[in-house]
Amino acid sequence: MLKSKTGMEDGFLSSVGAGDSTMLEPPTEITALVVDDDTINQMIHHRLLDNLGIRNQVVRNGKEAIDVHCSGKNFDLILMDMEMPVMNGIEATRKLRAMGIRSMIAGVSTNTRERENFMEAGLDDYQEKPLTTSKLVSILHKVHKDD
């Protein structure tokens, strides 16, 4: 079993043939933005990223995600919820792409009915909630391929 920086075992990582813990500690520092209005999901996503050594920031809706980028911050990965107040994930994803944001945007939602519209807005990946370590690692593999 591989262990993250916090010592958590992850059977998924060993099952995909990872030979050592370097998979959990990428050679370049990855940054992530968590965009979700639900405080429990915010906490789960923040901790999953922390456990993998990924610096991350949390915002509550799509408008805050746009504002953070307008302030000059950039992220390698954006975990975007779909249904949020003020600005939903579909609208936020469209606006980020229109702004030229090239970050990997992964939709994370329970709403599978709108998955196609969410993907068409400019997502790179989509995962159903609840987000797990194995789902997050799957997303991170795609971040590394884009480097």
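Side chains included, hydrogens not; waters and symmetry mates left out as well; all remaining heavy atoms used.
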Please round to the nearest 0.5 Å and tell me the distance separating atom [atom1] of [X] and atom [atom2] of [Y].
X	Y	atom1	atom2	answer
Asp76	Ser103	CG	OG	7.0 Å
Ser134	Leu48	OG	CG	9.5 Å
Met82	Leu123	CE	CG	8.0 Å
Asp38	Met43	CG	CE	9.5 Å

Residue pairs passing the side-chain hydrogen bond (donor to acceptor under 3.5 Å, both in side chains) test where at least one lies in residues 105-121, sequence neighbours excluded: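 Sorted pair list: Glu83-Asn111, Glu114-Asn117.
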
Test side chain to side chain contact (heavy atoms under 4.5 Å, CB included) applied to Thr31 and Ile54, step by step: CA-CA 6 Å; Thr31 58; Ile54 297 169; 5.8 Å; no

More than 12 heavy atoms of other groups within 6.0 Å of Lys63 NZ: no

Pairing of Arg55 and Asp50 as salt bridge, 4.0 angstrom limit: no

NZ/NE/NH1/NH2 to OD/OE distance under 4.0 Å, Arg60 and Asp81: no

Salt bridge (charged side-chain N to carboxylate O under 4.0 Å, His left out) evaluation trace for Asp125 with Lys142: CA-CA 9 Å; Asp125 192 72; Lys142 295 173 186 171; 2.3 Å; yes

Residue list, ring-ring contact (aromatic ring centres under 6.0 Å, His included) with His46, at least two apart or on another chain: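 With sequence neighbours excluded, His46 shows a ring-ring contact (aromatic ring centres under 6.0 Å, His included) to no residue whatsoever.
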
Contacts of type ring-ring contact (aromatic ring centres under 6.0 Å, His included), residue Phe75, not counting sequence neighbours: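 Testing Phe75 for ring-ring contact (aromatic ring centres under 6.0 Å, His included), a comparison that skips the adjacent residues, returns His69.
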
